[in-house]
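A, B, ... follow the sequence lines: proteins, then strands. Residue 1 opens every chain.
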There are 2 protein chains.
Amino acid sequence: MSSSDLTISDRIQRKLDELTRAERQLAHSILENYPASGLGPLTALAKGANVSAPTVARMVQKLGYKGYPEFQAELREELKAKAKNPIAKHDAWAEGAPSGHMLNRFTDAVIENIRQTLGQIDPDQFDTACQMVAEPRSRVYIVGGRITHTLAEYLFLHMQVIRPEVVHIQSTSNGWPHYLLDVKEGDVFVIFDLRRYENNTLKLAEMAHKKGAKLILFTDQWRSPVDRLTDITFSGRIVVPSAWDSNVTSLLLIESMISTVQNLCWGDTKDRAEALEDMFDQTMLFRKFT
Amino acid sequence: MSSSDLTISDRIQRKLDELTRAERQLAHSILENYPASGLGPLTALAKGANVSAPTVARMVQKLGYKGYPEFQAELREELKAKAKNPIAKHDAWAEGAPSGHMLNRFTDAVIENIRQTLGQIDPDQFDTACQMVAEPRSRVYIVGGRITHTLAEYLFLHMQVIRPEVVHIQSTSNGWPHYLLDVKEGDVFVIFDLRRYENNTLKLAEMAHKKGAKLILFTDQWRSPVDRLTDITFSGRIVVPSAWDSNVTSLLLIESMISTVQNLCWGDTKDRAEALEDMFDQTMLFRKFT
DNA sequence: AGGGAGGTGAAAAAAATCTTTCAGAATTTT
DNA sequence: AAAATTCTGAAAGATTTTTTTCACCTCCCT
C-alpha cells in the first residue's frame with residue numbers, strides 16, 4: 001500500500017456516508033466479493049451493481065484515486081501484500097541487525113526461495129524419485145559440476161551409508177567416461193546442474209540416457225538443458241542478494257531425500273550404519289558424543 | 001472455477017514442460033506474485049517478466065484460454081472462490097502433499113532452525129568474521145571433517161575466486177600436518193565441526209591456535225570442543241526429522257558470508273575483478289537482451 | 001407547483017489494452 | 001557446417017475499456 005496503511009475495503013466503508021445512492025449500491029457490490037469484483041473491467045462492475053459506468057468512475061475518484069486503473073493497481077498491491085504476509089512476518093531475522101543487513105536480506109531471500117520452490121514441487125514426483133534412489137537393484141550414480149559437486153558429494157556421503165552401489169562422479173573430472181562403461185539399464189543418475197550449466201554434465205547425461213539409465217535432475221528455476229532427458233526434475237529457486245546463486249533450497253531437498261530414502265531402506269541401513277560406526281570407532285576419527 | 005477443479009497455478013505448472021524459454025520465464029513471474037500480477041494489464045505483466053506482450057498473449061492461449069481477458073476472468077473466479085472458503089490450506093509448504101509428508105515436516109524444521117539460529121547470531125560478530133576473512137594480508141585456511149568438508153569446499157570454491165591465498169584442508173586426510181608448517185600469526189582458520197565432533201579437527205585447531213592463527217568456527221547448537229579456542233563461533237541449529245543432522249543453516253551462513261566478503265573485497269586485484277565481472281555477467285545474464 | 005441543485009446514465013470521444021502480423025534471431029535438425 | 005524449424009519481439013491494427021460530455025431526471029425548497 002502506497003499512501004496509508006488502510007485497505008481499500010476500509011476506505012470504502014469509511015466514506016460510505018458521503019456517497020450517493022447509486023454509489024452506495026456500487027460500494028456494497030464491491031465489498032460483496034472483495035477484492036475479485038474490483039479487479040475486473042469497470043463496465044462489468046457497473047453492470048453487476050446495476051449502476052452506470054460513469055458512476056463507477058466518479059466514485060473511484062471520490063475515494064481519492066485518479067482513475068479506475070489506479071484504483072485497481074492499489075487493489076492488486078493489497079492482494080500481493082496479503083499473499084506474502086503469512087510467511088514474511090519477520091521483519092528482522094537477526095535481531096539487533098538493521099533490516100538492511102546482509103544477514104537479514106539474505107535470509108529473506110532464502111526463505112522466499114524455499115517457499116516458492118516447495119510450492120511448485122509435486123510430492124508424488126518426490127516420492128517416486130526417492131523410491132528410485134532407494135531401489136536396491138539399481139546402482140546409483142551421483143553427478144555434480146564445478147560448484148555443485150559439493151552438493152553431489154554431500155548426497156553421496158549419506159547414501160553411501162544408507163545403501164550399497166553408490167558412485168560419485170564429477171563431471172568436470174576427466175575420469176568420468178570410465179564410469180559409464182558399467183552403466184546398465186535401470187541404473188539411476190542423480191544429476192546436479194545449476195547455472196551456469198555445464199557442457200560436460202549435459203554430455204554425461206546424454207550418454208547415461210542412451211544407456212537406458214533413469215535420470216533425476218536437480219536444477220534451478222530456469223532449468224538446465226538436461227531437463228529434456230530426465231524422468232524427474234526438481235527446480236529450486238536460487239536468487240539471493242549476491243553475485244552468486246544460493247544452493248540452500250537444493251540442500252534442503254537433498255536432505256529431505258536422504259531422510260526419506262533412509263526410511264525406505266531402513267532394514268538395510270541399520271546394519272550398514274552399525275558396521276560403519278564400528279569402523280570409525282576403531283580408527284578413532286570421532287570423539288564419542290557425551 | 002468453471003470447467004475443471006484445477007487452479008490456474010496448477011495448470012501452469014502442469015504445462016511448464018511444454019512452454020518455451022520466454023514463456024517459462026513468464027510463467028514463473030506469474031507464479032511469483034500469484035495471482036496479483038496476472039490481474040494487471042498484459043503489458044505490465046510482460047514487462048515484469050522481461051518478455052514481450054505477444055509472448056503473454058501466446059502463452060495464455062496455450063493454456064487454453066481464448067485470450068488474456070478470459071484468462072483474467074478465470075483468475076478472478078478463482079479468487080472469488082478462495083475468498084468464500086474461509087480456511088484454505090496454506091499450512092503446508094508443498095501444496096498437494098499432506099501436512100505429515102516428509103517435505104513439509106522437514107521444511108518446517110528447517111525454517112525453525114533458521115529462525116532460531118539467526119535470532120542468536122550477533123551481527124557484529126558476523127561482520128567481524130567477514131572482515132577477517134576478507135583481510136588480504138592473512139592467508140585463509142578452510143577446514144572441514146568427514147561430512148562437513150563439503151561445506152568447507154563450497155566456501156573454498158567461492159573464496160578462491162574472491163581473494164588469493166585461500167587453502168582448503170580436510171582434517172580427515174593425513175596430509176594436513178603439512179599445511180600447518182606455513183601458518184603464520186594472524187592467519188585465519190575457518191573451521192567446520194558439527195557433531196559428531198572429530199578428534200582430528202580439534203587437534204588441528206589446537207595447533208593452529210598455538211601458532212597464533214585466528215579461528216572462526218561453524219558448529220551446531222551444542223558446540224564443538226573447538227569453541228574454547230575460537231575468536232568467533234557460529235552455532236546453527238541442525239535438528240530435523242531425520243537420522244541425520246541438517247546443514248542448511250550452515251550453508252545459509254556460508255553463503256551470506258560469501259556475499260559479504262565479496263562486497264568487502266570488491267576492486268582488489270584487477271585480474272580478479274575482471275574475472276569476477278565476467279562471472280557476474282555469465283551468472284546474471286541468463287538471456288540476451290536486445 | 002415552479003425553480004434549482006445535484007445525481008444519473010446514454011452516447012461519443014479518448015485512451016488504453018489486446019491481438020495479429022511479420023521479419024529477424026535463436027535453436028534444432030540434417 | 002548448412003538448412004529448416006521454432007521462437008521472439010517490434011510495430012501496426014483491432015478491440016475493449018475508460019473517461020468525458022450532456023441531456024434528463026429526481027428530489028428538495030420556497
Trainee: Of A:R228 and B:G67, whose closest DNA chain C nucleotide lies nearer the 5' terminus?
Mentor: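 Upstream on the strand: B:G67.
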Trainee: For C:dT8, does either OP1 or OP2 sit under 4.0 Å from a side-chain N or O belonging to A:S52?
Mentor: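 No, outside the criterion.
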Trainee: Nearest to the B:V51 side chain among D:dG9, C:dG9, D:dT18, which nucleotide is it?
Mentor: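 Selected nucleotide: D:dG9.
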Trainee: Quick check: are there more than 12 heavy atoms from other residues, nucleotides or ligands sitting under 6.0 Å from NZ of B:K62?
Mentor: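 Count over threshold, so yes.
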Trainee: Side-chain N or O of B:Q61 less than 4.0 angstrom from OP1 or OP2 on C:dC18?
Mentor: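 It does not, given that no N or O in the side chain of B:Q61 lies less than 4.0 Å from OP1 or OP2 of C:dC18.
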Trainee: Among C:dC18, C:dG9, D:dT18, find the nucleotide with the atom closest to the side chain of B:L42.
Mentor: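 Among C:dC18, C:dG9, D:dT18, the one nearest the side chain of B:L42 is C:dC18.
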Trainee: Return the value, rounded to whole Å, for the distance between atom OH of B:Y68 and atom P of C:dT20.
Mentor: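 The answer, rounded to whole Å, is 16 Å.
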Trainee: Nearest-nucleotide wise, let me know which of B:P54 and B:K62 is further upstream toward the 5' end of DNA chain D.
Mentor: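 Whichever sits nearer the 5' end wins; that is B:K62.
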Trainee: CD of A:E70 versus C1' of C:dA16: gap in Å, rounded?
Mentor: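 In whole Å, C:dA16 C1' lies 15 Å from A:E70 CD.
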Trainee: Round to the nearest Å and state the distance from B:M59 atom CE to C:dC18 atom P.
Mentor: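 To the nearest whole Å, that distance equals 14 Å.
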Trainee: Parallel, tilted or perpendicular: which one describes the rings of B:H158 and A:W244, with boundaries at 30° and 60°?
Mentor: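 Because their plane-to-plane angle is over 60°, the rings of B:H158 and A:W244 count as perpendicular.
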Trainee: Do the side-chain N or O atoms of A:T20 get closer than 4.0 angstrom to the phosphate oxygens (OP1, OP2) of C:dT8?
Mentor: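 Yes, A:T20 has a side-chain N/O under 4.0 Å of OP1/OP2 on C:dT8.
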Trainee: So B:P41, base contact, sugar-phosphate only, or nothing? Heavy-atom distance under 4.0 Å.
Mentor: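 Sugar-phosphate: the residue B:P41, judged by heavy atoms under 4.0 Å, touches backbone atoms but no base.
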Trainee: Strictly below 4.0 Å: does A:R21 bring a side-chain N or O up to OP1 or OP2 of C:dT8?
Mentor: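 Checking C:dT8 against A:R21, a side-chain N or O does come within under 4.0 Å of OP1 or OP2.
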Trainee: Without decimals, in angstroms, what is the distance between B:E23 CD and D:dT8 C1'?
Mentor: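 Taking CD of B:E23 and C1' of D:dT8, I get 10 Å after rounding.
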Trainee: Of the options D:dT19, C:dT19, C:dT8, whose atoms approach the side-chain atoms of A:A53 most closely?
Mentor: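 So the side chain of A:A53 is nearest to D:dT19.
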Trainee: Checking all strands, does A:T43 fall into the base, sugar-phosphate, or nothing category for heavy-atom contacts under 4.0 angstrom?
Mentor: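 Base, at least one base heavy atom under 4.0 Å.
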Trainee: For the side chain of A:Q72, starting at C-beta, report the closest nucleotide among D:dT18, D:dT8, C:dC18.
Mentor: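 Out of D:dT18, D:dT8, C:dC18, the nucleotide with an atom closest to A:Q72's side chain is D:dT18.
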Trainee: Would you kindly give the NZ-to-P distance between A:K66 and D:dT18, to the nearest whole Å?
Mentor: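 Roughly 16 Å, once rounded to whole Å.
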Trainee: Calculate the interatomic distance between A:R58 atom CZ and D:dT21 atom P; express it in whole Å.
Mentor: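 Whole-Å distance recorded here is 12 Å.
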Trainee: Expressed in angstrom and rounded to an integer, what is the separation of B:K47 atom NZ from C:dA16 atom C1'?
Mentor: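 Taking NZ of B:K47 and C1' of C:dA16, I get 14 Å after rounding.
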Trainee: Begin from the C-alpha positions of A:E198 and A:S171 and carry the test side chain to side chain contact (heavy atoms under 4.5 Å, CB included) through to its verdict.
Mentor: CA-CA 8 Å; A:E198 295 179 21; A:S171 74; 3.7 Å; yes
Trainee: In whole angstrom, what separates A:L45's CG from D:dT18's C1'?
Mentor: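 To the nearest whole Å, that distance equals 13 Å.
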Trainee: Could you check whether any side-chain heavy atom of A:V240 comes within less than 4.5 Å of a side-chain heavy atom of A:N113, counting everything from C-beta outward?
Mentor: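 Of all side-chain heavy-atom pairs linking A:N113 with A:V240, at least one is under 4.5 Å.
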Trainee: Do the rings of A:F218 and A:F192 sit parallel, tilted or perpendicular, given the 30° and 60° boundaries?
Mentor: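 Because their plane-to-plane angle is under 30°, the rings of A:F218 and A:F192 count as parallel.
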